[in-house]
Amino acid sequence: MQFVDEASIIVEAGKGGNGCLSFRREKYVPKGGPDGGDGGHGGSVYLIGDDALNTLIDFKYQRFYKAQNGQPGQGRQMSGRAGEDLHVKVPVGTTVIDEDTLEVIADVTEAGQVVPVAQGGRRGLGNIHFKSSTNRAPRRTTPGTEGERRHLRFEMKVMADVGLLGLPNAGKSTLIRAVSAAKPKVANYPFTTVVPNLGVVKLGQHEHFVMADIPGLIEGASEGAGLGLRFLKHLTRTRLLFHVVDVAPFDESDPVAAAEAIAHELGEFSPTLAELPRWLVLNKLDLLPEDEREAVADEIVRRLGWEGPVFRVSAISGEGTDALVQAAHRWLTEQRRLEHEDEEAAEREREMRRRMEDEAVARTEARLGRKRKRDDEDDDDFDDDDYDVEVEYAP
């Protein structure tokens with residue numbers, strides 16, 4: 001199935017039914033009074049989180065969603081039927097943005113979460129409501145109001161425990177293939193990964209965690225270069241980051257400079273995301289002579305001034321990968337235990353998530369604002385007044 005993590009749709013709630021103008025007409029009942037019923041309320045549009053969905057591809061083919069209109073009222077004080085609400089399923093992890101105002105309407109983070117996005121129109125009133133002692137035969141009714149119409153943008157962030165980041169060709173896809181059942185494309189050239197890949201790392205019965213591999217980052221990713229800005233947002237849903245560094249780049253570039261560039265882009269995109277626990281994973285040790293591996297790894301750590309956990313692996317051979325995933329599983333288990341037992345720790349985690357979301361949303365709004373500005377500047381459509389001229393008629 002094609003992975004799609006961004007989509008735009010239009011939702012429209014149903015129109016309210018009109019009120020009815022009617023008078024009672026029955027045999028042996030002279031001069032019957034008003035009996036026009038009310039219309040029905042228009043249906044509303046709701047989004048529902050569904051953890052069985054993992055892509056927004058359906059919204060690429062169907063872009064318009066409309067709830068039912070309310071039925072008009074009838075005589076004998078019969079109200080019209082209300083329009084049925086429309087429930088649209090979206091993947092868990094979807095951020096909903098109003099395209100017109102760039103306002104973030106909601107963040108769907110749980111299965112079954114219901115988010116109202118378009119309110120149905122109100123019903124019209126029948127003439128029964130306008131009867132009075134001075135107006136026994138009112139001919140006044142009210143129409144139903146229009147339903148709300150909104151242009152929405154969906155941005156989905158994958159839900160994972162561990163996120164992989166690094167330069168293109170650092171070996172992230174090979175690593176996720178080595179430790180999970182995921183089978184992303186692997187090749188000896190950059191940008192083989194163009195969409196996020198999720199893999200479930202199983203360590204035993206009922207013991208597992210989810211790992212996400214995002215496309216490789218390049219310098220300027222936080223400003224939109226390459227695929228970075230579009231996919232950095234996926235890391236905001238993770239708890240732990242593996243910073244994968246190629247210790248023997250084929251172009252003989254400096255691994256330390258590469259690691260520092262990625263750390264810079266992370267901080268530029270979201271300062272809070274840069275504070276997320278990050279482990280250094282030195283990959284492709286198999287490309288170095290055995291007697292040089294330790295020295296090269298130690299030199300990279302020294303030059304980076306790295307004080308966090310360091311793992312030396314060869315993803316293609318599997319060397320060191322078991323120790324890496326075992327350590328990650330223990331760390332994740334301990335974090336969940338702490339959050340369960342300590343409310344302050346849980347609140348700190350929630351606050352960090354909120355800050356990351358706010359920063360990611362700000363980046364998204366800025367990107368959409370720049371895109372809208374470019375679209376406006378590049379608008380070549382001819383309007384009616386594009387060639388307005390003043391014409392003088394000579395006598």
Side-chain angles (χ1 to χ4, degrees), residues 7-26 29 31-50 53 56 58-91 94-155 368:
S8 294
I9 68 169
I10 295 173
V11 295
E12 185 176 317
K15 179 182 180 297
N18 295 330
C20 176
L21 175 62
S22 174
F23 293 93
R24 185 179 178 189
R25 290 291 182 265
E26 293 183 33
V29 182
K31 299 182 180 179
D35 67 351
D38 301 333
H41 291 299
S44 298
V45 182
Y46 298 89
L47 304 180
I48 299 182
D50 188 343
L53 301 177
L56 297 172
D58 290 342
F59 301 106
K60 287 292 185 181
Y61 300 106
Q62 182 177 348
R63 294 178 178 268
F64 183 70
Y65 294 81
K66 188 180 188 312
Q68 280 189 347
N69 293 333
Q71 298 298 311
Q74 300 179 36
R76 297 186 180 181
Q77 302 184 36
M78 290 191 294
S79 297
R81 178 181 297 176
E84 288 189 14
D85 294 332
L86 179 63
H87 295 84
V88 181
K89 294 181 179 180
V90 298
T94 300
T95 299
V96 186
I97 302 169
D98 188 314
E99 283 259 39
D100 297 322
T101 64
L102 299 184
E103 172 195 3
V104 176
I105 298 172
D107 204 16
V108 182
T109 57
E110 298 178 358
Q113 180 180 347
V114 179
V115 177
V117 291
Q119 179 65 43
R122 294 182 59 82
R123 66 183 182 181
L125 301 179
N127 66 335
I128 185 69
H129 289 278
F130 301 99
K131 175 179 64 174
S132 70
S133 59
T134 59
N135 187 2
R136 300 298 184 89
R139 295 184 174 275
R140 178 185 173 190
T141 63
T142 60
T145 61
E146 295 291 335
E148 194 174 10
R149 179 185 175 98
R150 302 181 88 168
H151 190 187
L152 303 180
R153 181 181 184 84
F154 294 158
E155 295 203 350
L368 292 176

On a heavy-atom basis, which atom in G75 and which in C20 lie closest, and how many Å separate them?
N-SG, 3.7 Å

Measure the shortest side-chain to side-chain distance between T142 and H129 over non-hydrogen atoms and say whether it is less than 4.5 angstrom.
no

Residue pair L56 / P91: nearest heavy atoms and the distance that separates them
CD2-CD, 3.4 Å

Within 6.0 angstrom of R25 CZ, more than 12 heavy atoms from elsewhere:
yes

Atom of K60, atom of R63 and distance for their closest heavy-atom approach
O-NE, 3.7 Å

May I ask you to test the R149-I10 pair for a side-chain heavy-atom distance under 4.5 Å?
yes

When rounded to the nearest 0.5 angstrom, what is the spacing between CD in Q68 and CD in E84?
4.5 Å

Donor-acceptor pair, distance only, cut-off 3.5 Å: does the side chain of Q113 make one with the backbone of D107?
yes

Is the number of heavy atoms from other residues, nucleotides or ligands within 6.0 Å of CZ (R150) greater than 12?
yes

Name all residues meeting the salt bridge (charged side-chain N to carboxylate O under 4.0 Å, His left out) criterion together with R76; count only those two or more places apart in sequence or in a different chain, and write none if there are none.
none

For the residue pair S22 and D35, confirm or rule out a side-chain donor-acceptor distance under 3.5 Å.
yes

Can you tell me how far NZ of K131 sits from CZ of R136, rounded to the nearest 0.5 angstrom?
9.0 Å

Residues A67 and G43: closest non-hydrogen pair is CB-O, 3.3 Å

Heavy-atom distance under 4.5 Å between the side chains of F23 and R139, does that happen here?
yes

Report, as yes or no, whether the 6.0 Å neighbourhood of atom NZ on K89 holds more than 12 heavy atoms from other residues, nucleotides or ligands.
no

Return the minimal non-hydrogen interatomic distance between S44 and A13, and the atom names on each side.
CA-CB, 4.3 Å

Spacing of D58 atom CG and L53 atom CG [to the nearest 0.5 Å]
7.0 Å

Across all chains, not counting sequence neighbours, the side chain to side chain contact (heavy atoms under 4.5 Å, CB included) partners of S79 are D38

Please give me the minimum heavy-atom distance between A106 and V115, naming the atom from each residue.
CB-CG1, 3.4 Å

H87 side chain to Y46 backbone, donor-acceptor under 3.5 Å
no

First locate atom CG of D98, then atom CG of L152, and finally report the distance between them rounded to the nearest 0.5 Å.
6.5 Å

Among T101, D100, I9, side-chain contact (heavy atoms from CB on, under 4.5 Å) partner for H151
D100

Are the side chain of N127 and the backbone N or O of P138 linked by a donor-acceptor pair below 3.5 Å?
yes

Is there side-chain contact between Q77 and Q74, with heavy atoms separated by less than 4.5 Å?
no

Tell me if a side-chain donor or acceptor on Q71 pairs with a main-chain N or O of R81 at a distance below 3.5 Å.
no

Point-to-point distance, once rounded to the nearest 0.5 Å, from CG of D50 to CD of E110
14.0 Å

Report the distance from atom NZ of K66 to atom CD of E12, rounding to the nearest 0.5 Å.
5.0 Å

